[in-house]
Amino acid sequence: MSIEVLDESGTDLDVNRLATLARFVMDRMRVHPQAELCIKAVDEPTIATLNAQWMEKEGPTDVLAFPMDELRPGKVNEEPEEGVLGDLVLCPAVAERQGETAGHGTTAELELLTTHGILHLLGYDHAEPEEHAVMFGLQDEILAEWRAEGMRAGADATP
């Protein structure tokens with residue numbers, strides 16, 4: 001997989017962690033191993049401009065997803081489609097406020113937004129209650145697995 005993380009936010013963003021998480025999510029969703037994804041972290045004025053331009057909404061937002069080749073999750077025993085998954089634009093400043101409000105901090109919020117954005121790139125939505133339940137359930141499941149694997153990896157690294 002080709003995962004590029006660009007930090008233009010002016011914050012101290014752990015780009016390696018975001019790239020590792022993105023790979024984890026894409027693996028769990030059975031995205032083709034040659035698929036491409038770009039994640040760009042930007043400041044509030046930049047995401048506000050993109051939000052107005054593409055979503056016709058005012059002000060900064062947390063994440064925007066721009067799908068490219070309309071890839072969908074792979075199925076068991078089927079070869080997934082190759083292509084460009086798309087671009088995610090994150091705003092760490094908004095994530096910091098949301099993480100504080102939610103009580104789980106900026107890192108956890110950026111992980112949630114990255115996972116959420118990748119699911120959008122794969123065609124998931126949450127406009128309808130049924131869609132919301134499916135997408136947020138899957139998001140919670142993936143993040144729980146990510147955190148559990150992270151804890152195991154941390155435990156394995158302990159002497």
Side-chain angles (χ1 to χ4, degrees), residues 1-7 9 11 13-42 44 47-48 50-51 54-55 57 59-76 78 80-81 83-154:
M1 283 179 205
S2 171
I3 301 169
E4 184 176 21
V5 182
L6 307 170
D7 185 9
S9 68
T11 64
L13 187 69
D14 187 343
V15 296
N16 291 328
R17 184 177 181 85
L18 282 184
T20 303
L21 169 63
R23 183 175 312 283
F24 179 87
V25 174
M26 292 168 69
D27 283 346
R28 293 310 174 270
M29 297 305 296
R30 301 177 187 275
V31 174
H32 194 281
Q34 297 301 314
E36 297 175 33
L37 169 68
C38 179
I39 301 172
K40 184 185 281 191
V42 299
E44 289 185 78
I47 205 156
L50 292 170
N51 200 24
W54 296 103
M55 304 305 290
K57 295 182 179 176
T61 189
D62 49 10
V63 62
L64 292 170
F66 299 97
M68 296 297 206
D69 290 339
E70 297 185 11
L71 299 181
R72 295 298 177 249
K75 295 184 174 36
V76 176
E78 285 184 22
E81 188 177 345
V84 178
L85 186 56
D87 297 333
L88 286 184
V89 182
L90 299 170
C91 184
V94 173
E96 182 178 6
R97 288 193 301 274
Q98 289 178 176
E100 186 177 307
T101 300
H104 58 228
T106 305
T107 299
E109 187 68 13
L110 285 166
E111 291 172 350
L112 184 150
L113 294 173
T114 301
T115 303
H116 186 87
I118 292 171
L119 292 178
H120 272 306
L121 293 175
L122 288 169
Y124 288 88
D125 201 359
H126 48 83
E128 300 298 324
E130 301 82 21
E131 295 172 330
H132 186 279
V134 169
M135 184 174 180
F136 280 74
L138 184 55
Q139 175 180 292
D140 291 347
E141 180 182 311
I142 291 169
L143 286 169
E145 188 177 343
W146 162 255
R147 292 183 179 123
E149 287 203 12
M151 285 182 190
R152 280 199 299 275

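The chain is numbered in sequence order, starting from 1. In this text the structure is predicted, and so the values were computed from the model without any measurement. All values below were derived from every heavy atom in this structure, side-chain atoms included, with hydrogens, water molecules and symmetry-related copies excluded.
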message: Under the criterion side-chain contact (heavy atoms from CB on, under 4.5 Å), I'd like the reasoning laid out for M55 against T61: C-alpha separation, chi angles, the key distance, then a yes or no.
response: CA-CA 10 Å; M55 304 305 290; T61 189; over 6 Å; no
Locate the shortest heavy-atom distance separating [X] from [Y]; write the atom from each residue and the value.
X   : Y   : value
A65 : P67 : O-CD, 3.5 Å
A35 : L71 : CB-CD1, 4.1 Å
G86 : M68 : CA-CG, 3.4 Å
I3  : A19 : CD1-O, 3.8 Å

Listing, residues 129-143 side-chain donor-acceptor contacts under 3.5 Å, not counting sequence neighbours, or none:
| residue | atom | partner | partner atom | Å |
| --- | --- | --- | --- | --- |
| E131 | OE1 | A127 | N | 3.3 |
| E131 | OE1 | E128 | N | 3.0 |
| Q139 | OE1 | H116 | ND1 | 2.7 |

Y124 meets the ring pair (Phe, Tyr, Trp, His ring centres under 6.0 Å) criterion, sequence neighbours left out, with none
For [X], what residues pass the side chain to side chain donor-acceptor pair (under 3.5 Å) criterion, not counting sequence neighbours?
X   : answer
R23 : none
T11 : S9
D87 : none
N51 : none

Rounded to the nearest 0.5 angstrom, the CG-CD1 distance for L113 and I118 is 11.0 Å
Here the gap from L119 atom CG to T114 atom OG1, rounded to the nearest 0.5 Å, amounts to 11.0 Å
Mind listing the side-chain donor-acceptor pairs of residues 88-97 below 3.5 Å, one per line with the distance, residues two or more places apart or on another chain?
| residue | atom | partner | partner atom | Å |
| --- | --- | --- | --- | --- |
| R97 | NH1 | E44 | OE1 | 3.4 |
| R97 | NH1 | E44 | OE2 | 3.2 |
| R97 | NH2 | E44 | OE1 | 2.9 |

Residues 88-111 vs ring pair (Phe, Tyr, Trp, His ring centres under 6.0 Å), sequence neighbours excluded, gives none
Contacts satisfying salt bridge (charged side-chain N to carboxylate O under 4.0 Å, His left out) that involve residues 106-124 (not counting sequence neighbours) are R17-E111, E111-R147
Residues passing the side-chain contact (heavy atoms from CB on, under 4.5 Å) test with E4, sequence neighbours excluded, are L6, C38
